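First comes the structure, then the notes that go with it.
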Amino acid sequence: MHRSSRAEDFLPLMTTILSIYSSLNLLRESFLIFNILPSPSILSWKSIIRCYTSHGLFLQSLICFVQMRASGKYPDHHIFPSVLKSCTSLMDLKLGESIHGCVIRLGLDFDLYTCNALMNMYGKLQTIGEVGGMRFCDSQVYDKILEPKLIEEKRSNLSSSDESRSGIMYQDLDGGSHDNSCELLDEFQKRIVGVDPNVELKQRSDEGSRRIDGKVLYHSCGKSNDIGMRKRDKEAFYMENVRKVFDRMPKRDLVSWNTVIAGSAQNGMYEEALMMVKEMGDADLKPDSFTLSSVLPIFAEYVDVSKGKEIHGVDDSLRVFCLLPHRDAISWNSVIAGCVQNGLFDEGLNFFRQMLMAKIKPRHVTFSSIMPACAHLTTLHMGKQLHGYIIRSRFLDNVFIASSLVDMYAKCGNIRIARWIFDKMESPDMVSWTAIIMGYALHGHAHVALSLFRKMEMENVRPNYVAFVAVLTACSHAGLIDEAWKFFNSMIKDYGIAPGLEHYAAVADLLGRAGRLEEAYEFISNMQIEPAGSVWSTLLAACRVHKNIELAEKVAEKIFKLDPENMGSYILLSNIYSAAGRWNDAAKLRVSMKGRGMRKKPACSWIEVKNKVHAFMAGDNSHPYYDRINEALKVLLEQMEREGYVLNTDDVLHDVEEEQKRYILCSHSERLAIAFGIISTPAGTTIRVTKNLRVCVDCHTATKFISKIVGREIVVRDVSRFHHFNDGKCSCGDYW
DNA sequence: GTAGGGTTAG
């Protein structure tokens with residue numbers, strides 16, 4: 001008996017086995033069966049094509065499709081999704097469009113799965129096209145053999161013309177093109193399946209009818225036609241294709257909606273994407289985690305582009321998350337990271353708590369995402385709890401987590417633990433180094449920060465933009481002008497990093513505070529980039545310190561032009577006037593601020609006692625311990641004055657009597673918080689206070705006295721740095 | 001047939 005006829009006897013069985021292998025994703029087994037079928041049925045072709053696609057062997061899957069067409073078989077709706085996915089992955093829009101034409105001719109353009117795959121392709125290929133990528137140079141070769149003439153007969157039976165049905169132009173296709181070169185196909189199969197094609201493909205090469213042009217297999221790494229496609233063109237293209245498919249679908253499921261939403265979001269059509277989330281709700285479909293992962297990135301875009309003015313983008317993303325029936329660890333992480341990265345720290349922590357309550361185990365990423373929230377909110381208590389969890393989960397060797405812990409401890413005032421964790425890291429990366437350097441910078445230990453920076457360079461860890469922000473911040477907090485210049489120049493010359501606003505601001509700040517006001521003015525005027533209000537503001541602050549009203553007015557004018565909403569500068573200039581006794585000018589400025597609807601940010605300090613945060617505003621008498629706090633401050637003031645403390649009323653910027661000034665100073669928010677800390681914690685406990693503005697000169701002096709009188713370390717984190725008060729001295733050396 | 005998460009600055 002002939003081998004081929006035996007195989008034919010078993011054909012139905014073989015086809016079934018192949019189908020099972022394919023559905024189990026067993027490529028090698030599927031291939032072995034497929035290879036001995038004398039004349040594969042449409043079901044067998046479907047199996048092998050599907051298997052190739054799901055293994056990422058897109059070219060192979062397309063080759064099979066072409067071979068199938070060449071053998072005269074009609075593809076059915078089971079085949080197109082896999083084939084279209086292969087086109088998408090290979091970024092071959094042209095071939096995909098041809099296949100779309102094929103779909104229409106066969107009357108399969110109402111099939112749910114095929115339409116979903118088509119929309120996915122159109123949505124993706126514009127996005128990918130922007131970056132440029134692999135593209136077939138010879139996909140016309142496919143075109144030629146895609147459509148045997150047989151199809152023409154079927155086509156004439158279709159009632160309406162193809163073009164009007166799809167709105168997409170495609171070429172008329174000729175009959176098959178068959179030749180005998182199969183070497184590249186062999187090579188592929190050898191590499192991919194790991195078997196010798198000369199054995200496996202023997203039978204097939206004998207037949208000689210399923211050969212394709214070798215040229216098809218070559219593809220080029222070229223830039224796609226979509227490069228430079230304007231946003232409006234992209235949107236038009238998207239509407240043309242994806243929406244046309246979508247709108248014509250007789251039935252849409254969750255995947256259809258998710259696909260079209262993802263396409264809109266990925267092509268920058270955020271409003272449309274969010275609108276469609278609402279529309280799918282009207283169609284009684286609930287968003288799932290796929291929907292969420294399309295909507296979440298809109299988060300960042302919205303906030304970046306319009307600086308929080310369009311927060312409803314965030315709201316919508318959060319709403320989608322809340323609607324999810326099943327949330328896995330990744331959905332939780334996404335939403336937590338989304339919150340934290342956009343400054344919604346409390347919300348991030350809340351989601352984290354909910355995640356734990358939902359019994360979802362936090363993963364590596366959860367901790368590195370949530371830690372910055374603790375760092376920014378200075379919630380050392382929460383940070384320590386997370387640290388404990390991290391140790392128990394043996395996550396400490398993860399460089400992301402360790403770096404975020406270093407940063408958290410430094411920002412929460414505990415630079416010693418930050419250093420301890422850093423020193424234990426096996427191979428700190430540039431971010432870890434930057435975190436510890438910035439930590440020392442914030443704590444005023446500039447020389448340690450500088451020597452760590454040099455050590456990092458010696459260990460061949462290349463600093464980036466942020467690392468230079470850190471080291472220049474260290475210099476600026478300690479008045480190290482010469483060193484700052486060296487780093488600034490080295491950044492440009494040795495590392496080719498173009499200085500940004502933060503770098504310029506640090507240097508300008510140094511020059512200004514050293515009293516080199518004119519030099520600072522020149523420096524800012526000659527910047528390579530447009531100076532923002534923030535850079536000029538450093539000079540305005542310096543003008544206040546050095547009482548140069550004339551320059552202050554000149555600088556303020558520039559700031560008001562560049563950044564009319566910059567309230568800090570109005571207040572700074574008003575304070576400069578007040579300090580010079582020019583109450584009228586100060587008052588005028590305040591009136592003008594009021595007219596613009598600006599209000600001064602109220603000063604606020606807070607302290608964590610027994611795991612609870614207590615907040616104080618200036619002159620605040622709402623705290624339940626208010627009387628005791630006031631009593632303590634009174635006793636302290638008497639003792640301070642005996643030790644030589646003299647009230648410095650320079651910072652009292654109201655036109656009031658001396659006695660009133662005395663009262664105003666003593667009710668500053670940081671003093672209330674410190675006094676509360678002293679009376680509510682055991683002797684010797686370090687007091688850690690955070691303030692939302694810069695600490696004032698008088699409070700700084702007072703705190704030095706207080707630290708000596710009560711024998712406590714007092715750590716005050718103001719808006720730009722830490723002050724460690726100990727035994728009558730401050731770590732900043734009175735330069736801040 | 002559709003996805004997705006992380007550390008340093010501001």
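Predicted, not measured: the structure shown is a model, and the values here were computed from it.
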(request) Between B:dA3, B:dT8, B:dG6, spot the one nearest the side chain of A:Ile401, thanks. (result)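 Of B:dA3, B:dT8, B:dG6, B:dG6 is nearest to the side chain of A:Ile401.
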(message) Heavy atoms from C-beta onward define the side chain here; which of B:dT2, B:dA9, B:dT8 lies closest to that of A:Asn120?
(response)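 Of the candidates, B:dT2 comes closest.
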Counting any heavy atom closer than 4.0 Å, what does [X] reach on the DNA or RNA strands: base, sugar-phosphate only, or nothing?
X: A:Ala337; answer: sugar-phosphate
X: A:Val406; answer: nothing
X: A:Asp288; answer: nothing

What integer distance in Å separates [X]:[atom1] from [N]:[atom2]?
X: A:Leu292; N: B:dT2; atom1: CG; atom2: P; result: 18 Å
X: A:Leu324; N: B:dA3; atom1: CG; atom2: C1'; result: 12 Å
X: A:Tyr465; N: B:dT7; atom1: OH; atom2: P; result: 18 Å
X: A:Met456; N: B:dT8; atom1: CE; atom2: C1'; result: 11 Å
X: A:Asp509; N: B:dA9; atom1: CG; atom2: P; result: 18 Å

(request) Answer yes or no: side-chain N or O of A:Ser289 and base N or O of B:dA3 forming a donor-acceptor pair under 3.5 Å. (result)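 Such a pair is found, so the answer is yes.
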(message) Can you tell me whether the side chain of A:Ser331 and the base of B:dG4 have a donor-acceptor pair closer than 3.5 Å?
(response)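 Looking at the base of B:dG4, it does pair with a donor or acceptor on the side chain of A:Ser331 (distance under 3.5 Å).
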(message) Between A:Phe523 and A:Tyr504 (judged by ring centroids, cut-off 6.0 Å), do the two rings come close enough to count as a pair?
(response)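 Yes, the ring centres sit under 6.0 Å apart.
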(message) Taking the ring of A:Trp45 and the ring of A:Phe65, is the distance between their centroids below 6.0 Å?
(response)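 No, they do not, as the ring centres are separated by 6.0 Å or more.
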(message) Test of understanding: with side-chain hydrogen bond (donor to acceptor under 3.5 Å, both in side chains), list the residues that count as partners of A:Arg243, not counting sequence neighbours.
(response)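 A:Asp247.
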(request) Output the residues of residues 357-374 of chain A in contact with DNA chain B, where contact means a heavy atom of the residue under 4.0 Å from an atom of the strand; sort by number or write none. (result)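 Within this stretch, A:Arg363, A:His364, A:Val365, A:Ser368, A:Ser369, A:Pro372 sit under 4.0 Å of the strand.
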(request) Please answer whether the main-chain N or O of A:Leu57 pairs with a side-chain N or O of A:Ser61 as donor and acceptor at a distance below 3.5 Å. (result)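 Not a single qualifying donor-acceptor pair exists.
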(request) Could you tell me whether A:Arg419 and A:Asp423 have a side-chain N and a carboxylate O separated by less than 4.0 Å? (result)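 A salt bridge links A:Arg419 with A:Asp423.
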(request) Keeping to residues at least two apart or across chains, list the side chain to side chain donor-acceptor pair (under 3.5 Å) pairs with something in residues 464-478 of chain A. (result)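 Residue pairs with at least one partner in residues 464-478 of chain A: A:Tyr465-A:Glu502.
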(message) For a 4.5 angstrom cut-off between non-hydrogen side-chain atoms, does A:Tyr495 reach A:Ser490?
(response)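 Answer yes - side chains close enough.
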